[in-house]
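Some notes on the structure that comes next.
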2 protein chains.
Amino acid sequence: MENLREMFQIMTRRFGLLDKNCCSVGGFDISIIHSHILYEIDNQHNPSMQQVAEALGTDITTFSRQVQSLVKMNLVKKTPLPEDKRVYILSLTTEGKFVATTIDQQMNTYLNDVFSHMNEFEKETVIRSIKLLNEAMVKTNNCCAIPLR
Amino acid sequence: MENLREMFQIMTRRFGLLDKNCCSVGGFDISIIHSHILYEIDNQHNPSMQQVAEALGTDITTFSRQVQSLVKMNLVKKTPLPEDKRVYILSLTTEGKFVATTIDQQMNTYLNDVFSHMNEFEKETVIRSIKLLNEAMVKTNNCCAIPLR
DNA sequence: GAAATTTATTTGCAAATTACAAGTATTTAT
DNA sequence: ATAAATACTTGTAATTTGCAAATAAATTTC
């Protein structure tokens, strides 16, 4: 049987490079961490700092500062939660939403480009497989005897 | 049609976390960059600095320093190439080979764990799909109007 | 075949990123 | 009312980053 790790290493490295080089939007040159934060804020429903940091597996103190810089760039807004004033709710500004959407489009363009090298059946198969993988990974939550989060 | 980017974002983030938390070997606590360098040296045939840095998409100056620290840890060896004395060939020391192999095993263990939540058919399908993806990505070499390497 | 150009790698430096520990402010439990 | 827990921020110090410039060896040019 083929080496599983090798296949995954190659695949994730390629997507990692894509992520890293993607994307500059307008004047902004968005780093990979920033792009992931924007993505996560956009996809969660009124998330708190903790929730986003947790989803990204980022240390909360590092995250705090990254968010500060995104706020300075006017891409993210922090709103205190009235019911619990310790908590800040994160949201995208109009500009932040624009940047997030543009990155999303660029990523989807690249992915469609990749799939253009497959026939319709292969494409369906691959998409179904990614879903299966994601489901299976949810059920598997530790590696190397260290809790994953 | 489902959002391609979302699926891939989730998948690559999960593997990214795995990679990040994997693995501590013996006394060594191996960072993700170090683990990738060890992997790549192990998989290429007598690679030069440039070749490994290029494969990893790492800036050569950063790479130079990372390799220096791996040499200090006695995991990597730099051998000048006789035919071209500008070039250093990288190889793993016995200890480095051990660390690389152990990481590989831990990653494979995790991946097998993931696949244990699928039936045989699903597993075959997913593995075939990753191969298809890797082949398709080779044929697609730019994103976001920036050359990927 | 010496001088100029290119290539592979290293260092200087300054900025960005990290994470631990300790701090503030608010909420919940006792 | 006091103590403990929670959400987030700041101090600080180490690590990581990448650009520019340096070195050293090979190749090209005249």
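Please read these numbers as outputs of a predicted model, since none were measured by experiment. Every chain is numbered from 1, with letters handed out A, B, ... down the list of sequences.
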Q. Can you find a side chain N or O atom of A:Gln66 that sits less than 4.0 Å from OP1 or OP2 on C:dT18?
A. yes
Q) Which part of the nucleic acid does A:Tyr88 contact within heavy-atom distance under 4.0 Å: base, sugar-phosphate only, or nothing? A) sugar-phosphate
Q: Would you give the length of the straight line joining atom CG of A:Leu132 to atom NE2 of B:His117, rounded to the nearest 0.5 angstrom?
A: 13.0 Å
Q.
Please compare B:Ile89 and A:Thr58 by the position of their nearest nucleotide in DNA chain C and report the one closer to 5'.
A. B:Ile89
**Q.** Test item: side-chain donor near acceptor, B:His34 and B:Ser69, under 3.5 Å
**A.** yes
Q) Nearest to the side chain of A:Ser31, which nucleotide is it out of D:dA26, C:dT17, C:dT11? A) C:dT17
Q: Could you go through the salt bridge (charged side-chain N to carboxylate O under 4.0 Å, His left out) check for A:Glu95 and A:Lys77 one step at a time?
A: CA-CA 11 Å; A:Glu95 225 167 343; A:Lys77 201 176 137 203; over 6 Å; no
Q.
With nearest nucleotide decided by heavy atoms, which residue, B:Thr61 or B:Pro82, maps closer to the 5′ end of DNA chain D?
A. B:Thr61
Q. To the side chain of B:Ile60, which of D:dG18, C:dT9, C:dT26 is closest?
A. C:dT9
**Q.** Residue met sooner reading DNA chain C from 5', once A:Ser69 and B:Ser64 are mapped to nucleotides
**A.** B:Ser64
Q: Nearest whole angstrom, please: distance from the P of D:dT15 to the CE of B:Met73.
A: 12 Å
Q | Within-4.5 Å side-chain heavy-atom neighbours: A:Phe115 and A:Val126 | A | yes
Q) Looking at the side chain of A:Arg86, which of C:dT27, D:dT9, C:dT11 is the nearest nucleotide? A) C:dT27
Q: Measure from CZ on A:Arg65 to P on D:dT10 and round the result to the nearest Å.
A: 8 Å
**Q.** All side-chain hydrogen bond (donor to acceptor under 3.5 Å, both in side chains) counterparts of A:Ser31, not counting sequence neighbours
**A.** none
Q: Return the value, rounded to whole Å, for the distance between atom NZ of A:Lys78 and atom P of D:dT9.
A: 3 Å
Q: Rounded off to whole Å, could you give me the CG-to-P distance for the B:Leu56 and D:dT17 pair?
A: 11 Å
Q) For the side chain of B:Gln68, counting heavy atoms from C-beta on, which of D:dT9, C:dT26, C:dT11 is nearest? A) C:dT11
Q: Nearest whole angstrom, please: distance from the C1' of D:dT17 to the CD1 of B:Ile33.
A: 10 Å
**Q.** Nucleotide nearest B:Val87 (side chain, heavy atoms from C-beta), chosen from D:dT9, C:dT9, C:dC20
**A.** C:dT9
Q. Looking at B:Thr109, B:Asp104, B:Asn108, which hits side chain to side chain donor-acceptor pair (under 3.5 Å) with A:Arg5?
A. B:Asp104
Q) Nearest-Å distance, CG (B:Asp84) to P (C:dT6)? A) 17 Å
Q) How long is the line joining CG of B:Asp59 and C1' of C:dC13, in whole Å? A) 14 Å
Q | B:Leu70 CG - D:dT16 C1' separation (whole Å) | A | 14 Å
Q: Kindly give the heavy-atom pair with the smallest separation between B:Ser64 and B:Met49, and that separation in Å.
A: CA-CE, 3.8 Å
(Q) Quick check on contacts: within residues 40-52 of chain A, what sits under 4.0 Å from DNA chain C by heavy-atom distance? (A) none
Q: Verify the neighbour count for atom NZ of A:Lys85: are there more than 12 heavy atoms of other residues, nucleotides or ligands below 6.0 Å?
A: no
